[in-house]
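Report on one structure; see the data block that follows.
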Amino acid sequence: MIELIFPDGSRRAFDQGASGRDVAASIAKSLEKRALLVRLDGQLLDLDRPLPGGGTFEILTRESPHALEVIRHDASHVLAQAVQELFPGTQVTIGPAIEDGFYYDFARDEPFSLDDLGAIEARMAEIVDRDEKIVREVWDRNEAIAHFKGIGEAYKAEIISDLPEDEVITVYRQGNWKDLCLGPHLPSTRHVGKAFKLTKLAGAYWRGDHRNAQLQRIYGTAWASEADLEAYLKRVEEAERRDHRRIGRAMDLFHLQEEARGMIFWHPKGWTLYRTVEAYMRRRVESDGYVEVKAPQIMDRGLWEKSGHWEKFGQNMFTCETTEGEELAVKPMNCPGHVQIFNYGQKSYRDLPLRMAEFGACHRYEPSGALHGIMRLRAFTQDDAHIFCREDQIEAETTKFVKLLNSVYSDFGLDLHSVKLALRPDVRAGSDEVWDIAEAKLDRAARQAVNMEVEPLPGEGAFYGPKLEFHLRDAIGRTWQCGTLQLDFVLPERLDAEYVAEDGSKQRPVMLHRAICGSMERFLGVTIENYAGAFPLWLAPTQAVVASITSDADDYAREVAAALKAAGLRVELDLRNEKINYKVREHSLAKTPVIAAVGRREAETRALAIRRLGSEGQTVLPLDEAVAALVAEAVPPDLARGALRG
RNA sequence: GCCGGCUUAGCUCAGCUGGUAGAGCAGCGGUUUUGUAAACCGAAGGUCACGGGUUCGAUUCCUGUAGCCGGCACCA
C-alpha cells in the first residue's frame, strides 16, 4: 500500500501500482476527465504512470501553472511530429518549454520559410484532433541508440550516448511518432489544445556552442486557453508599441546611422533626458559617499596587458597605433584607470572603503549580431564605480550598494525582480582558494542584503571574480539586467594596488566593481519602454507646452512661458497659427506631460488652464499657483525626499 | 560572427505575374484667429539601400555587399 497526502491535508491509502488516474477516478469521474498530470512530492508524473510511492500528492488540471509547462512541452513534441510528417528527412534534436511557450530545434539542409509555419500549424492542429495517446516506454540504452541511429536521428543517438550509464532511457510515443524524452507528458495530444501559435524562425547552435552545427529553431507560444493566448498576443503588441527605438524616433530623442554602428546620435530632447538621469545618479552616489573621477579615454596597450584585459578581450577593443609607434587602446572599461588613481600617492586603511565613481564612456567592438537599438551598443557609458576596501568590509559595502540600487530603481518605477550570482568561469584568473572565498562572501552578502533568493549561475562569472546580477522588472512585466556588483581579488594584485594598514604593513585592497544602471544608454532604453515615453514630470524632456488659442493671447502666453522657465521648468511655447485641438493632439502624441492652453479668458484673469497627459479635463489655476504646483511636482524624487527630511 | 527575414519620399506604408513609382501624415507657400486629440487650398518632394548580371527594357528576376529586424553565439 502507498499513502498519499492530499492538498487539504487528508490522507488515503492506495494499492501498490495505482496510477494518478486511478486516484483521480476514485475521487470523482469528473476529476478523472479533467486530470492531466499528478505531482508527487513536488515531482510531476504522467497520469497513467504507476505511482512509485507515497507522499504529498496533487492532481493537476489544465488550470495549474505546472500543467501549463507540460502543455508547452507537449506542444513542442506536436510541432516536431508535424514537421517530420511534412518534411521527411528532418532530424529532431531538443524542444523544451520556455517562458510563454516552447521551441524545437531541427536539423534540415533546406531552411524553413515563414510560409511553412502556417502549414506546420495546420498539421499540429490535425495531430491535436487525432488525439493520439502519449505513452511512456522504458528502453534499453543500446537498443535506443541503435534505434535512433537506424532511423537517421544522429542527434538523438548522441544525446543518449552522452547520458550517464545508469540513466533510465524513456521514449514517449504519440501515434507512430516517438521521441526520446524525460517527460512527463499529457495523456494524449488532444490536451495540448489549440491555444498555440508558431511565432518565429531562428538559427541556434547544437548544444549552444557556436563551433557546432547550426540548427533551425521554430518558436511557438502556447496557453491553457484561447483567452490566455489572446492576452499574450496583446502583451506582445503592447511591447512593440513601447519599443524604445520607435518611441525614440517619435519623440525625436536620438537616432542611429550606419556610419557609427552601435553608437547614438542624441538629439536635444534625448540628451536632456540623459542629462537629467545622469544628474540624478550623480546626486545619489555623491550622497552615498562616493567620489567622482575621470580617467583617460585612451591608454597604452601595456596597461591593458597588465590588467589581463588584452589577453581576454584584445580582439574586442578599439585600438590604434601612433606614428611614433605607440600602441593604444580605447578603454573598454574603467577599472584600470581607477586603480591608477588609487595608486597615485599613498592610501591608508583610513581611506577605505574608497568609493570611486565615474560616468565612464566605454567602447567595445561588439559582434555585429549583438547590437540592439540603444540596449546593446559599441559606445556606451557606465555609471561605474569601484569600491576599494578590506575583505571584512565587503558585506557591509554590498548591503549599502543594494540599498542604493533598490532606491534608484523604485524612483524610476522599476522593481528589483531577482538576484543572480554568476560563479567562476572555465577561463579565469586567480587561484581556486581565492574563488572559494570570493563566491562565499558575495553569496552571503547578497542574501543578507536582499530579501529574496539568490540564484546561482555556474560558469557565468567574470574572469576576475564572481558577479551579482540584479534583474529588474518594468511596467509590463519584462525583466532586464542592469545592476551588477562584482568582487575582484585579481585586478588589485595585477595592478599593484596597496594601502598602508594600521600596523604599517602594505596590504592589498579588494575591489568591488558595481553599477546600478549598467549602461546609461541601456537604462534609458528601459526607462523609455517602462514609461512608454510618458515620463513623470521630473524626467520629461519637455515638461510643459504653453499653447496659444488665438494670437490675442500671444503676449500673455510669452509671459507664462517665461515664468515657467524662470521657475526652472523645461518649457516650449507654441504660438503657431493652428487650432487648439490641433495643438493639443500634437503635444499629447509627443507625450508632453503638461499642456497649458491660453486664450483671451486666461489672459484677462491671469490664470492657467492646465491639461495633464492622459486626462481629458483641465484645471484652471491662478498663474503663480500653477507655477508653484508644477515646480513642486518637477522636483526629482531624491531631492523631494531630502526636502521632506530638511 | 552564424541562421532567417527586411530595405520604396522626413515618417508610416501601397505598388499582381518585368514597361523608369503612389497614398496619408510631416515639411514648404497661402487662406483661416481658432476653447482642449487632425481647418482648407496649393506646389514640391524618390539614383525604389548600394554594386554586378540576365533582358530591348529591372523597384520587380539572379547574384554580391551593407545596414536594420528576429533568434543563436558573445557580453570584461
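So that the names make sense, note that chain A is the first sequence line, chain B the second, and so on, each numbered from 1. FYI, side chains are in, hydrogens and waters are out, and symmetry mates aren't considered; it's all heavy atoms of this structure.
One P atom belongs to rG52(B), the other to rA44(B), and the distance between them is 32 Å to the nearest Å. Nucleotides rU59(B) and rU7(B) place their P atoms 15 Å apart, quoted to the nearest Å. As rounded to the nearest Å, rG24(B) and rU17(B) have C1' atoms that lie 28 Å from one another. A distance of about 11 Å separates the C1' atoms of rA9(B) and rG27(B), rounded to the whole Å.
Toward the 5' end of RNA chain B, the nearer of the two residues Leu256(A) and Gly614(A), judged by each one's closest nucleotide, is Gly614(A).
Judged by distance alone, with hydrogens and angles left aside, the side-chain atoms of Thr592(A) form a donor-acceptor pair with the main-chain N or O of His587(A) at under 3.5 Å.
Between the C1' atom of rA38(B) and the CZ atom of Arg576(A) lies a distance of 12 Å, rounded to the nearest Å. Distance Met375(A) CE to rC68(B) C1': 16 Å, rounded to the nearest Å. Regarding Met251(A), its CE atom lies at a distance of 16 Å from the C1' atom of rC11(B), rounded to whole Å. The CG atom of Leu377(A) sits 16 Å away from the C1' atom of rA76(B) (whole-angstrom rounding). Between the NE2 atom of His267(A) and the C1' atom of rC11(B) there is a distance of 14 Å, rounded to whole Å. One atom, OH of Tyr219(A), and another, C1' of rG5(B), lie 15 Å apart when rounded to the nearest Å. Put simply, CZ on Arg249(A) is 14 Å from C1' on rC25(B), counting in whole angstrom units. Between Glu586(A) atom CD and rC25(B) atom P there is a gap of 13 Å when expressed in whole angstrom units.
rC6(B) is paired with rG67(B) under the criterion used here, namely a Watson-Crick or G-U wobble arrangement in which both key atom distances are under 3.5 Å. Pair assignment for rG35(B): none, as no Watson-Crick or G-U wobble contacts are both less than 3.5 Å. Pair assignment for rA23(B): rU12(B), on the basis of Watson-Crick or G-U wobble contacts that are both within less than 3.5 Å. Base-pair partner of rC28(B): rG42(B) (Watson-Crick or G-U wobble, both distances under 3.5 Å). Look at rG18(B): it lacks any Watson-Crick or wobble partner with both distances under 3.5 angstrom. Across the strands present, rA76(B) finds no partner; the criterion is a Watson-Crick or G-U wobble pair with both atom distances under 3.5 angstrom.
Contact annotation: the side chain of Tyr464(A) never approaches that of Leu491(A) to less than 4.5 Å [non-hydrogen atoms, C-beta and beyond].
At a threshold of 4.0 Å, the pair Arg600(A)-Asp552(A) counts as salt-bridged, since one of the basic side-chain nitrogens sits closer than that to a carboxylate oxygen. The existence of a salt bridge linking Arg242(A) and Glu238(A) is confirmed by a sub-4.0 Å separation between a basic side-chain nitrogen and an acidic carboxylate oxygen.
Residue Ser551(A) has no polar side-chain atom (N or O) positioned under 4.0 Å from OP1 or OP2 of rU33(B). In terms of phosphate contacts, Arg246(A) brings no side-chain nitrogen or oxygen within less than 4.0 Å of OP1 or OP2 of rC11(B). For the pair Arg611(A) and rA37(B), the criterion of a side-chain N or O lying under 4.0 Å from OP1 or OP2 is met. Listed pair Lys467(A) / rA76(B) meets the phosphate criterion, a side-chain N or O lying under 4.0 Å from OP1 or OP2. Considering only side-chain N and O atoms, Tyr582(A) lies nowhere under 4.0 angstrom from the phosphate OP1 or OP2 of rU33(B). Side-chain N/O atoms of Lys579(A) include none lying less than 4.0 angstrom from OP1 or OP2 on rA39(B). The phosphate of rU33(B) has neither OP1 nor OP2 within less than 4.0 Å of any side-chain N or O from Arg600(A). Contact annotation: His372(A) does not reach the phosphate of rG71(B) (side-chain N/O to OP1 or OP2, under 4.0 Å).
Below 30°, between 30° and 60°, or above 60°: for Tyr409(A) and Phe523(A) the angle between ring planes is below 30°, a parallel geometry. Ring geometry for Phe388(A) versus Phe342(A): interplanar angle under 30°, hence parallel rather than tilted (30 to 60°).
No donor-acceptor contact under 3.5 Å links the side chain of Gln315(A) to the base of rG1(B). Interface remark: the Arg217(A) side chain does not form any donor-acceptor pair with the rC3(B) base, using a distance-only criterion of under 3.5 Å. A donor-acceptor contact under 3.5 angstrom links the side-chain atoms of Tyr205(A) to the base of rG1(B). You'll find a donor-acceptor pair under 3.5 Å spanning the side chain of Arg376(A) and the base of rC74(B), going by distance alone. For a distance-only test at 3.5 Å, the side chain of Arg428(A) fails to qualify as a donor-acceptor partner of the base of rA76(B).
His513(A) and Asp488(A) share a side-chain donor-acceptor pair at under 3.5 Å.
Comparing rA37(B), rC74(B), rA76(B) by their closest approach to the side chain of Met333(A) singles out rA76(B). Considering only side-chain atoms of Arg261(A), the nucleotide from rG67(B), rU36(B), rA76(B) that sits closest is rG67(B). Taking every side-chain heavy atom of Gln486(A) into account, rA76(B) is the closest of rU36(B), rG4(B), rA76(B).
Applying the 6.0 Å contact sphere to CZ of Phe318(A) captures more than 12 heavy atoms from other residues, nucleotides or ligands.
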